[in-house]
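Taking it in order: structure first as structure tokens, then the write-up.
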Amino acid sequence: MNRMLLLGGVVLVGIATAASSLFTVHQTEQVLVTQFGEPIRVINDPGLHAKIPFIQTVISFDRRLLDYDAPGEEVILSDQRRLIVDSFTRFRITDPLLFFQTVGAQEAGIRARLSSVVVSALRRVLGNEPLLAVLSSDRARIMTEINRQVNEEARRFGVAVEDVRIRRADLPEENTQAILSRMQSERERVAREARAEGAEVAARVRAGADRERTVILAESQAQADTLRGQGEQEAIRIFADAYQRDPEFFGFYRAMQAYREAFSEGETRLVLTPDSEFFRYFRQSRPGLPVPGVRPTPGAEAEPNGAAAQAAPAPASPAPASPAPASPAPAN
């Protein structure tokens, strides 16, 4: 019975010893083996490995890409503008031994170190850049320079910095309203200049259109006057030709036109002398009609009614005189 208990104890001690001497390294880990606190070796290959039990200790470090989000820091730019910069960093532990010697066995130690390194690099690089460069396409160049400086300082901790990025770059609250007001004033100035240039172009176009309109109207009026003169010349020629063919009929026709214009209304009174040329054709149609105020000649036939000249409206001037014959104008 005692022998069985002794054998069982030996087996248990052997199992415990074997369990403490064997350990597994995963693909996402890298291991540092220490003995009494002193580093012995670094294991990067995944698999099953052995160590001296109860004497050596295994410290694991993550070999994957790690991140660190830095708090917002106020940075003064080269143009004395202030920005609240919020950045993040991506890093990887490349040397577990150096990392253990400089930082310790916990990843929290490197985060505190990276905070000061990143903030210092941000202040150095952004302090030489204006605000417009930070907000423009030059931002990629600025971030490349920050990443280079942070990586150089992080190497002494056994860490390789893969990337440093600015997540946000905001103005301080006390400067935001002043900047916005200045930007608004600038936009308003640009808008006023654009409106003034537009008004100038509009006035130039309007003046050109008015000038062209005046020229077109003048040319059209000149052409109309020319055509009207040619028409009047042709009308005079036709009238003259008609007058030369039969002057008596032409005079009768013009008198009939005057009668029609004068007697069309039937309400206007004309005060004319009885022997007026306007009534020549009336007298010719009734040759025995006496003229009031004139003593008839003996033997003349008297009519019962006098020649009261009551008629409809007449033109302001007496019957139009027949135009003098004119020679045809030469064609233009």
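Source: prediction; values computed, not measured.
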Exercise. How far does CZ of Arg64 sit from CG of Leu66, to the nearest 0.5 angstrom?
Worked result: 8.0 Å

Problem set entry | For Val159 against Asn151, the heavy-atom pair lying closest together | O-OD1, 4.3 Å

Exercise. For Glu152, which of Arg156, Arg155, Arg148 qualifies under salt bridge (Lys or Arg N to Asp or Glu O under 4.0 Å)?
Worked result: Arg148

Problem set entry | Nearest non-hydrogen partners of Leu98 and Gly158, listed with the distance | CD2-N, 3.5 Å

Problem set entry | OG1 on Thr144 to CG on Asp163, rounded to 0.5 Å | 8.5 Å

Problem set entry | Short side-chain to backbone donor-acceptor contact, Asn128 and Arg124, under 3.5 Å | yes

Problem set entry | Side-chain (Gln30) to main-chain (Val25) donor-acceptor, under 3.5 angstrom | no

Exercise. Got Met183 and Glu186 here, is their nearest side-chain heavy-atom distance under 4.5 Å?
Worked result: no

Problem set entry | Check: Gln27 and Pro46 side chains under 4.5 Å, non-hydrogen atoms | yes

Exercise. Hey, is Glu153 close enough to Arg113 for a salt bridge, meaning N to O under 4.0 Å?
Worked result: no

Problem set entry | Ionic contact status for Asp69 with Arg167, cut-off 4.0 Å | yes

Exercise. Same hydrophobic cluster for Leu83 and Val119, using side-chain heavy-atom links shorter than 4.5 Å among ILVMFWY?
Worked result: no

Exercise. For Val85 and Leu126, what are the C-alpha separation, side-chain angles and deciding distance, and is it a side-chain contact (heavy atoms from CB on, under 4.5 Å)?
Worked result: CA-CA 10 Å; Val85 179; Leu126 295 180; 3.9 Å; yes

Seminar exercise, completed: Rounded to the nearest 0.5 Å, the CG atom of Asp45 sits from the CG atom of Leu48 at a distance of 13.0 Å

For this session: Give the minimum heavy-atom separation between Val42 and Pro96, together with the two atoms involved.
Result: CG1-CG, 3.9 Å

Exercise. Looking at CZ of Phe250 and CZ of Arg245, how far apart are the two atoms once the value is rounded to the nearest 0.5 Å?
Worked result: 12.5 Å

For this session: Decide whether Leu97 and Ile40 are clustered together by the hydrophobic rule: side chain heavy atoms of Ile, Leu, Val, Met, Phe, Trp, Tyr closer than 4.5 Å, transitively.
Result: no

Exercise. Can a salt bridge be assigned to the pair Arg189 and Glu193 using a cut-off of 4.0 Å between side-chain N and carboxylate O?
Worked result: yes

Exercise. Hey, does the Lys NZ or Arg CZ of Arg111 hover above the aromatic six-ring of Phe91, less than 6.0 Å from the centre and inside 45° of the axis?
Worked result: no

Exercise. How far does CG of Asp86 sit from CZ of Arg165, to the nearest 0.5 angstrom?
Worked result: 14.5 Å

Exercise. So, are Asp210 and Arg213 salt-bridged, with charged N and O less than 4.0 Å apart?
Worked result: no

For this session: Give a yes or no on whether the ring-centroid distance for Phe61 and Phe99 is below 6.0 angstrom.
Result: yes

For this session: Decide whether Glu145 and Gln149 meet the rule of one side-chain donor and one side-chain acceptor closer than 3.5 Å.
Result: yes

For this session: Begin with the C-alpha distance, continue with both residues' side-chain angles, and end with the deciding distance and a verdict on side-chain contact (heavy atoms from CB on, under 4.5 Å) for Phe157 and Thr94.
Result: CA-CA 9 Å; Phe157 304 120; Thr94 56; over 6 Å; no

For this session: Grab the two heavy atoms, one from Ala105 and one from Ile59, that are nearest each other, plus how far apart they are.
Result: CB-CG2, 4.0 Å

Exercise. Quick one: do Glu162 and Arg92 make a salt bridge, cutoff under 4.0 Å?
Worked result: yes

Problem set entry | Verdict with reasoning, Gln35 to Val33, per side-chain contact (heavy atoms from CB on, under 4.5 Å) | CA-CA 7 Å; Gln35 181 173 337; Val33 180; over 6 Å; no

Exercise. Do you know which two heavy atoms are closest between Phe100 and Pro39, and how far apart they sit?
Worked result: CE2-CD, 4.4 Å

Problem set entry | Minimum heavy-atom distance Ile110-Glu107, with the two atoms named | CG2-O, 2.9 Å

Exercise. Under 4.5 Å between side-chain heavy atoms, hopping through other hydrophobics if needed: is there a path connecting Ile238 to Leu227?
Worked result: no

Exercise. Given the rule in the side-chain contact (heavy atoms from CB on, under 4.5 Å) test, do Asp67 and Phe88 qualify, once you have shown the distances and angles that lead to the verdict?
Worked result: CA-CA 7 Å; Asp67 60 344; Phe88 66 89; over 6 Å; no

Exercise. Just wondering, more than 12 heavy atoms not from Arg168 lying within 6.0 Å of its CZ?
Worked result: no

Exercise. Do Arg237 and Asp241 meet the salt-bridge criterion of a basic N to acidic O distance under 4.0 Å?
Worked result: no

Problem set entry | Check ion pair Arg81-Glu74 (N to O, under 4.0 angstrom) | no

Exercise. Between Val75 and Met143, is there a shared hydrophobic cluster once you connect ILVMFWY residues whose side-chain heavy atoms come closer than 4.5 Å?
Worked result: yes

Problem set entry | Derivation and outcome, salt bridge (charged side-chain N to carboxylate O under 4.0 Å, His left out), residues Arg123 and Glu73 | CA-CA 9 Å; Arg123 293 183 185 277; Glu73 291 290 336; 3.3 Å; yes

Problem set entry | Hydrophobic cluster membership, Val118 vs Leu77, 4.5 Å side-chain cutoff | yes

Seminar exercise, completed: Distance col, row Ile142:CD1 vs Ser137:OG, nearest 0.5 angstrom, shows 9.5 Å

For this session: Look at the rings of Tyr253 and Phe249 and say which category their plane angle falls in: under 30° parallel, 30 to 60° tilted, over 60° perpendicular.
Result: parallel

Exercise. Is the backbone N or O of Ile166 less than 3.5 Å from a side-chain atom of Ser87, with the two atoms forming a donor-acceptor pair by type?
Worked result: no

Exercise. Charged N to carboxylate O below 4.0 Å: is that the case for Glu200 and Arg204?
Worked result: yes

